[in-house]
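Here is the structure we will look at.
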Amino acid sequence: GDMRKGLRALLDEGPKQLEILRHLQSSPDASEKDHASSLQDAIADMNDTLGGATQALAVQQKKFPEMAEKAKADAKAMKKERKEQEKLNKKEREMRNKHRKSENPDDAGGN
């Protein structure tokens, strides 16, 4: 599916979150062993996430214009087909009416 909107949001907010994590890492409280390791893992994970999101967005931006072009072509073909069918339907109605009138000349006036 189309994930471009979500990926853009992630790429907009992710660097801010990464900056907060780096700020926490450099704060005096981060020197505690328990928090230092968790912060380091969170920063590494966020970097990986942003890298993956950047790649995924590039793929999505490539993929969806092609899909949009195909959908547009399909819609155009369907519209053309629908018009042709409408023409055929109109001709059929005209022929039925003409046939009906020839069978019942009294109904020619519409009564």
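Just so it is clear, the structure is predicted and the values come from calculations on it, not from any experiment.
Environment of CD in E81: sparse, with no more than 12 heavy atoms of neighbouring residues, nucleotides or ligands closer than 6.0 Å. Few gaps surround CD on Q61; more than 12 heavy atoms of other groups in view lie less than 6.0 Å from it.
A distance of 7.5 Å separates OG in S27 from CG in L39, rounded to the nearest 0.5 Å.
Under the side-chain contact (heavy atoms from CB on, under 4.5 Å) criterion, Q85 pairs with L88, N89, sequence neighbours left out.
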Would you mind writing out the side-chain donor-acceptor pairs for residues 4-22 within the sub-3.5 Å range, not counting sequence neighbours?
{"unit_1": "R4", "atom_1": "NE", "unit_2": "D2", "atom_2": "OD1", "d": "2.9"}
{"unit_1": "R4", "atom_1": "NE", "unit_2": "D2", "atom_2": "OD2", "d": "3.4"}
{"unit_1": "R4", "atom_1": "NH2", "unit_2": "D2", "atom_2": "OD2", "d": "2.8"}
{"unit_1": "E13", "atom_1": "OE2", "unit_2": "K16", "atom_2": "NZ", "d": "3.3"}

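Put simply, the side chain of Q60 gets close to the backbone of M3: a donor and an acceptor are under 3.5 Å apart.
Residues R100 and N97 form a side-chain contact, since some pair of their non-hydrogen atoms from C-beta on lies under 4.5 Å apart.
With K80 as the partner, the side chain to side chain contact (heavy atoms under 4.5 Å, CB included) test is satisfied by one option alone out of E84, K83, K76, R82: E84.
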